[in-house]
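Atoms within a ligand are numbered from 1 in the order they appear, just like the ligands themselves.
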Amino acid sequence: MSFDTLKKHLTVHGQEHLIKFWPELSENEREQLSEEINKLDLAEVNQIFRRSVEASKVIQQKADDDLKPIPDSHYESVPAMTREKVDEYEKIGFEEISDGKVGVLVLAGGQATRLGFGHPKGMYNVGLPSQKTLFQIQAERILRLQQMAAEKTGKHGKITWYIMASEHTKVPTAEFFKKHDHFGLNEEDIVYFEQGRLPCFDFDGKIFLDEKYHLSSAPDGNGGLYRALKTQGVLEDFTKRGVEHLHAHSVDNILIKVADPVLIGYCKSKNADCAAKVVQKSSPSEAVGVVCRVNGHYKVVEYSELTEEASERRNPDGRLTFSAGNICNHYFSAAFLRKICGYESKLKLHLANKKIPYVDDSGVRQKPTEPNGIKIEKFIFDVFEYAENFVCLEVARDVEFSAIKNADAVKKDCPSTAKEDLLRLHRKYIREAGGSIGDDVEVEISPLLSYGGENIKDLVENRVFTNSPFHLKSSIELPVQNGVNGKH
Ligand code: UTP
């Protein structure tokens with residue numbers, strides 16, 4: 001595109017300031033800038049800005065009358081289930097795994113800003129006795145599940161691991177996996193794909209320049225999943241491999257039951273197209289989104305959108321009425337994802353005021369100390385309302401949820417709490433299997449040995465654990481793979 005055409009194109013869409021520094025740019029810089037501009041559909045970008053601003057102006061009505069909890073017919077709780085019921089769902093899940101119909105969608109495109117980690121979060125090592133990273137733990141849970149499914153069904157099936165990364169995390173993630181021999185998984189069972197980005201705007205809808213020759217942009221949120229599935233050929237990959245069930249989750253939950261057969265079996269037996277695993281809110285004021293129904297539609301209502309009365313309302317049995325805490329842990333049928341991806345451009349857009357570095361009119365790069373513009377994100381849960389049969393599965397927080405969001409200084413949802421939560425769970429598994437262990441003893445059970453507390457009786461029964469830190473390994477243990485922050 002010639003300079004004149006570029007200028008005309010930008011002017012039509014009110015973004016001509018982007019070439020303000022053109023005369024100062026080198027040939028390469030001009031090429032980079034025009035390439036970045038040409039990649040954008042400016043009409044769509046401007047519309048996205050307008051839509052997100054309009055959506056943010058709609059005053060969130062705290063109309064409690066419209067809010068209803070998830071009906072009992074669409075809600076089951078693992079802690080309240082009989083062992084027989086759990087086994088029944090698990091058996092169905094194992095069959096689906098053995099038939100190669102299960103895939104995992106890990107959301108690994110985030111920027112880990114709060115954690116302050118300059119690498120993909122999956123490479124984080126919280127300092128467990130094994131020094132394993134989040135990615136290694138998840139990979140080994142997949143390996144163990146494949147083995148368990150083969151033992152239970154007599155058929156050896158593969159779980160496909162779909163890893164959604166973003167521009168900055170894709171290459172380092174793939175390199176990390178390669179360097180560590182894919183943690184024992186087959187390379188062809190791992191599919192990396194890249195989510196999109198959206199420009200960052202000032203409050204008037206002008207796209208910021210991050211450098212004189214480079215536009216400011218950010219990943220389009222974990223709801224960018226749907227566009228990426230469509231544009232990156234992942235939907236076709238489901239078809240090619242015969243994948244029918246997807247377990248989608250955030251990369252930062254150290255307790256994640258990857259490809260959980262109970263979830264898969266529950267969803268299949270209920271004929272669900274979309275589901276959320278939830279944990280009970282710890283208190284009315286816990287700042288977590290709640291899965292509920294709003295005017296008959298399944299939604300996640302943010303903590304800030306609930307009135308105090310609704311947050312505190314209790315059922316006759318004393319449980320919070322709106323207690324289904326959303327933990328970014330979902331089930332989708334492949335058929336549902338195909339449908340949703342057809343109209344993903346209509347999904348809700350969330351706007352956040354942020355401090356966005358930018359090049360000012362005099363060409364100096366500024367790092368604002370106050371919010372100066374907006375970032376727009378899509379959220380993975382905004383598709384719940386389009387499900388034909390949405391269900392919820394409540395799980396125990398101490399068994400399935402501990403997220404790494406913050407740096408240790410915050411003392412909450414951080415690496416040290418994640419490490420402690422995992423070790424506490426493993427102590428519980430050891431005691432349930434007949435071993436004896438004090439609360440101050442650190443014993444980690446390898447995921448290659450046990451997915452959820454099974455298969456350890458022979459190793460722990462009547463044994464007293466005093467050595468700490470200790471790694472209870474499998475006979476097929478992989479070499480220790482330190483993360484980039486192995487110092488922890
Ligand atoms: P968070 O919203 O907690 O973001 O993402 P984050 O990147 O981990 O941390 P902050 O907000 O920058 O501090 C929840 C999950 O969604 C993924 C994250 O990787 C995490 O697994 N995510 C988030 C994406 O995959 N893409 C995004 O654009 C945003």
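The single protein non-hydrogen atom nearest to atom 24 (C) of ligand 1 is G110 N, 3.3 Å, given as residue, atom name and distance. Counting only heavy atoms of the protein, atom 6 (P) of ligand 1 lies nearest to A112 N, 3.8 Å.
Counting only heavy atoms from C-beta outward, the side chains of L215 and P199 never approach each other to under 4.5 Å. R227 has its side chain within reach of K378: a pair of non-hydrogen atoms, C-beta onward, lies under 4.5 Å apart.
For the pair D220 and ligand 1, the shortest N or O to N or O distance does not fall below 3.5 Å. Residue-to-ligand polar distances place Q111 within reach of ligand 1: an N/O pair is separated by less than 3.5 Å. For ligand 1, one of its N or O atoms has an N or O atom of G109 under 3.5 Å away. Checking only distances, S250 never comes within under 3.5 Å of ligand 1, N or O to N or O. Ligand 1 has no nitrogen or oxygen under 3.5 angstrom from a nitrogen or oxygen of M164. Residue C328 has no nitrogen or oxygen atom sitting less than 3.5 Å from a nitrogen or oxygen atom of ligand 1, judged on distance alone.
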Let me check something: any side-chain donor-acceptor pairs from residues 328-335 under 3.5 Å, sequence neighbours excluded? List them with distances.
residue	atom	partner	partner atom	Å
N329	OD1	H247	NE2	2.6
Y331	OH	H245	ND1	2.7
S333	OG	F336	N	3.0

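For an aromatic pair to be called close, the ring centres must be under 6.0 Å apart, and F177 with W161 satisfies this.
No donor-acceptor contact under 3.5 angstrom links the side chains of H168 and Q111, judged on distance only. Counting only N and O atoms by type, the side chains of N372 and Q366 include no donor and acceptor under 3.5 Å apart.
A salt bridge links E388 with K339: the closest approach of a Lys/Arg side-chain nitrogen to an acidic carboxylate oxygen falls below 4.0 angstrom.
Nearest-residue assignment for atom 10 (P) of ligand 1 (options L107, I163, T113, L105; heavy-atom criterion): T113.
Contact annotation: for S166 versus ligand 1, there are no heavy atoms closer than 4.0 Å.
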